[in-house]
Amino acid sequence: MRTGRMAPLLAVGITATLVPALAPAQASAAPRQQVSEAPSLQTFAHQRPAWHRCDTSRSAAFQCATVEVPLDYNRPGSRTIKLAVSRVKTAAPGKRRGVLLFNPGGPGGEGLDMPLMMKDALPKKVRERYDLIGFDPRGVGRSSPVTCGLTAAEENIEHPYQQATFSHDVKWARTVADKCRARNGDRLRYITTRNTARDMDVIRTVLGERKLSYLGYSYGTYLGAVYAQMFPGRTDRFVLDSAVDPARAWRGMIQVWAEGAEPAFARWTKWTARHHRTYGLGDTPAGVRKTFWGLVARADRTPIDYDGQKLTGDDIRASLRAQFFSPEYAAQVVADLKRSAAGHATSRPHPLAAAARPPTDNGTAVFWTVVCGDTAAWPHDPEQYRRDAVRDRAKYPLYGDFGSNITPCAFWGRPAEPVTKVDTGVGLLTVQNQWDPQTPLVSGLGMHHALKGSRMVYVKGGEGHGVYAGDPRACADRTVDAYLSDGRLPAKDVTCEVSGHQRPGLNQRVVPAPGHTPQAPRF
């Protein structure tokens with residue numbers, strides 16, 4: 001997200017008929033399995049992690065270790081890197097099935113702390129079945145981190161298209177790519193989703209497991225799908241929550257934010273018109289639209305002083321895109337913005353207020369390294385980006401030009417290998433809110449359709465990014481709990497309604513990406 005602008009956003013609710021899907025697996029006593037068919041990789045399979053207490057200020061049950069993996073899996077005898085791995089072992093060894101590995105999203109999200117966070121979110125019947133495993137993916141956090149030496153301005157990825165500033169946007173994109181190459185050399189070529197999936201399989205092997213179970217959020221859904229595609233025989237119970245469409249990796253996933261924002265904005269205008277007495281933004285959808293776009297035009301002429309910041313119309317469009325997926329929340333923000341434009345101070349901080357800047361650019365550096373390095377589908381001609389931005393601003397006025405403007409991927413090197421085609425028939429579970437701002441419904445459906453053996457839990461009316469949140473009363477959570485604990489994959493797709501005890505749009509995901517970087521987008 002844009003520097004000092006937005007924070008990420010959840011919901012659920014009803015029952016479904018479930019049938020047993022997966023046969024009981026052999027767990028911890030299983031013999032160590034090969035990492036791959038390449039004999040030279042067996043060196044990595046026989047590591048013995050030196051588990052130790054992660055931090056004296058935390059529970060002694062939270063253990064950490066490092067695992068060594070090849071930088072380039074085609075040359076496993078060459079350079080290696082170290083991965084930071086963590087675990088919380090099950091308190092019921094007799095009920096243990098295996099390991100459950102987590103990814104919080106990204107690319108660039110740190111996952112080392114996830115076992116400790118998920119320990120309190122998961123129900124007892126799930127916790128007893130698994131050792132909970134976290135890791136920082138290659139290049140991230142404590143796993144041989146990369147940096148590009150970017151300034152705060154260079155980390156800002158949201159560039160609205162304007163004819164007068166396009167040359168500056170091109171310069172920014174080239175500068176970021178050049179800085180990343182200068183700092184990291186050819187190491188960047190190997191920080192990819194496919195190699196992170198291979199790393200996951202090394203972790204599985206080192207832990208002595210025949211198969212891997214997994215819970216991935218957002219970008220973690222794509223990582224999980226790539227693993228299932230590459231290692232179908234080693235894929236056990238996989239839950240992919242708030243999914244990336246693999247057919248849109250990766251430019252299309254930035255562009256889909258614009259596509260998904262337009263129906264959310266239209267829904268917001270209808271909801272807000274019905275609550276005109278509360279917010280005073282217009283008593284018809286057309287009136288609400290006029291109020292919003294009037295504020296944007298006003299800020300373009302003279303930036304609005306809002307909680308100590310001077311906001312342009314472009315700032316408002318970028319900052320509010322995600323908020324429109326939760327109408328009540330967005331209406332309050334726009335009402336506050338309207339008061340600020342009239343010269344009245346706002347009474348409380350909210351998403352447009354400045355956020356603390358992280359100490360390094362690691363999250364942003366990994367984001368570009370992965371999305372640029374996973375696929376060769378990025379255009380290299382700046383004029384293509386110009387044309388697309390002009391087209392999409394007209395088609396998706398809220399965010400289209402942001403989503404299609406030039407990025408550092410225009411100047412990135414060629415990928416080390418082709419992008420993964422996801423079409424596996426492995427049985428697994430996807431989970432999706434109807435109103436998700438980061439991975440909109442069309443994206444979740446794309447993943448579900450690509451995974452031929454998957455079942456989908458769809459939360460009708462669900463708002464926010466991330467569904468599975470440790471609420472045993474919620475329909476979606478009950479379905480995921482049954483699958484993880486007993487292997488009961490639904491016989492068919494499940495539609496849940498938002499529960500009456502949950503207020504749509506106010507649920508906050510309990511698994512934020514540790515070390516979340518506001519400057520870098522998060523899938």
Side-chain angles (χ1 to χ4, degrees), residues 1-2 5-12 158 160 242 255-299 304 306 311 313-341 346 348 350-353 392-403 432-444 459-467 497-498 502-509:
M1 283 299 133
R2 189 164 192 166
R5 295 296 187 241
M6 306 305 296
L9 301 163
L10 177 100
V12 260
E158 290 184 313
S242 307
Q255 291 173 318
V256 83
W257 290 343
E259 179 183 340
E262 294 302 321
F265 179 76
R267 172 177 175 249
W268 172 75
T269 64
K270 295 175 184 177
W271 185 95
T272 305
R274 294 196 301 270
H275 296 83
H276 175 62
R277 287 190 177 184
T278 301
Y279 301 103
L281 297 175
D283 57 5
T284 65
V288 174
R289 284 195 300 272
K290 183 177 180 181
T291 298
F292 173 75
W293 288 110
L295 286 169
V296 170
R298 156 80 185 273
I304 297 174
Y306 185 85
L311 299 181
D314 289 336
D315 292 332
I316 293 170
R317 288 193 298 125
S319 298
L320 283 171
R321 175 197 63 81
Q323 305 314 308
F324 288 124
F325 287 80
S326 296
E328 181 179 354
Y329 195 48
Q332 185 61 60
V333 173
V334 175
D336 285 349
L337 187 62
K338 182 182 175 184
R339 283 192 288 272
S340 293
T346 53
R348 55 188 170 78
H350 43 68
L352 298 180
D392 287 348
R393 180 158 188 168
K395 190 174 183 180
Y396 308 118
L398 191 64
Y399 198 78
D401 54 323
F402 286 94
Q432 182 69 38
N433 273 330
Q434 180 178 6
W435 298 104
D436 182 329
Q438 297 302 98
T439 51
L441 178 58
V442 66
S443 174
V459 187
K460 186 178 180 180
E463 296 174 359
H465 187 47
V467 180
E497 301 283 347
V498 175
Q502 292 177 304
R503 296 183 64 195
L506 298 185
N507 289 354
Q508 299 298 312
R509 201 179 92 189

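Computed from heavy atoms alone, side chains included, the values below leave out hydrogens, waters and symmetry copies.
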Interatomic spacing from CZ in Arg317 to CZ in Arg321 - rounded to 0.5 Å: 12.0 Å
What is the minimum heavy-atom distance between Ala341 and Arg298, and which atoms define it? O-NH2, 2.8 Å
Quick one: do the Tyr399 and Glu158 side chains pair a donor with an acceptor below 3.5 Å? yes
So do Trp435 and Arg267 actually touch side chain to side chain, heavy atoms under 4.5 Å? yes
Sub-3.5 Å donor-acceptor pair from the side chain of Glu262 to the main-chain atoms of Leu398, do we have one? yes
Do side-chain atoms of Asn433 reach the backbone of Asp436 as a donor and acceptor pair under 3.5 angstrom? no
So, for Gly313 and Ala299, which heavy atoms are closest and what is the spacing to 0.1 Å? N-CB, 3.4 Å
Closest heavy-atom pair and its distance - Thr272, Ala331: OG1-CB, 3.9 Å
With a 4.5 Å cut-off on side-chain heavy atoms, are Ile316 and Ile304 touching? yes
Does Arg393 use its side chain to pair, donor to acceptor, with the backbone of Gly400 at less than 3.5 Å? no
Taking Thr269 for its side chain and Ala266 for its backbone only, find out whether a donor-acceptor pair lies under 3.5 Å. yes
Heavy-atom closest pair (Pro437 atom, His465 atom, distance to 0.1 Å) is CD-N, 4.0 Å
Say whether, by atom type as modelled, one donor and one acceptor occur between the side chain of Trp268 and the main chain of Ser326 under 3.5 angstrom. no
Any Thr439 side-chain heavy atom under 4.5 Å of Gln432 side chain: yes
Acceptor/donor pairs from residues 277-297 side chains to any protein atom, 3.5 angstrom cut, sequence neighbours excluded:
| unit_1 | atom_1 | unit_2 | atom_2 | d |
| --- | --- | --- | --- | --- |
| Thr284 | OG1 | Gly287 | N | 3.0 |
| Thr291 | OG1 | Leu281 | O | 2.8 |
| Thr291 | OG1 | Gly287 | O | 3.1 |

Can you list the residues that meet the ring pair (Phe, Tyr, Trp, His ring centres under 6.0 Å) rule with His275, with sequence neighbours excluded? Trp271
Would you say the side-chain atoms of Gln434 pair up with the backbone N or O of Lys460, donor to acceptor, closer than 3.5 Å? no
From CA spacing to verdict: side-chain contact (heavy atoms from CB on, under 4.5 Å), Leu337, Leu311: CA-CA 10 Å; Leu337 187 62; Leu311 299 181; 4.2 Å; yes
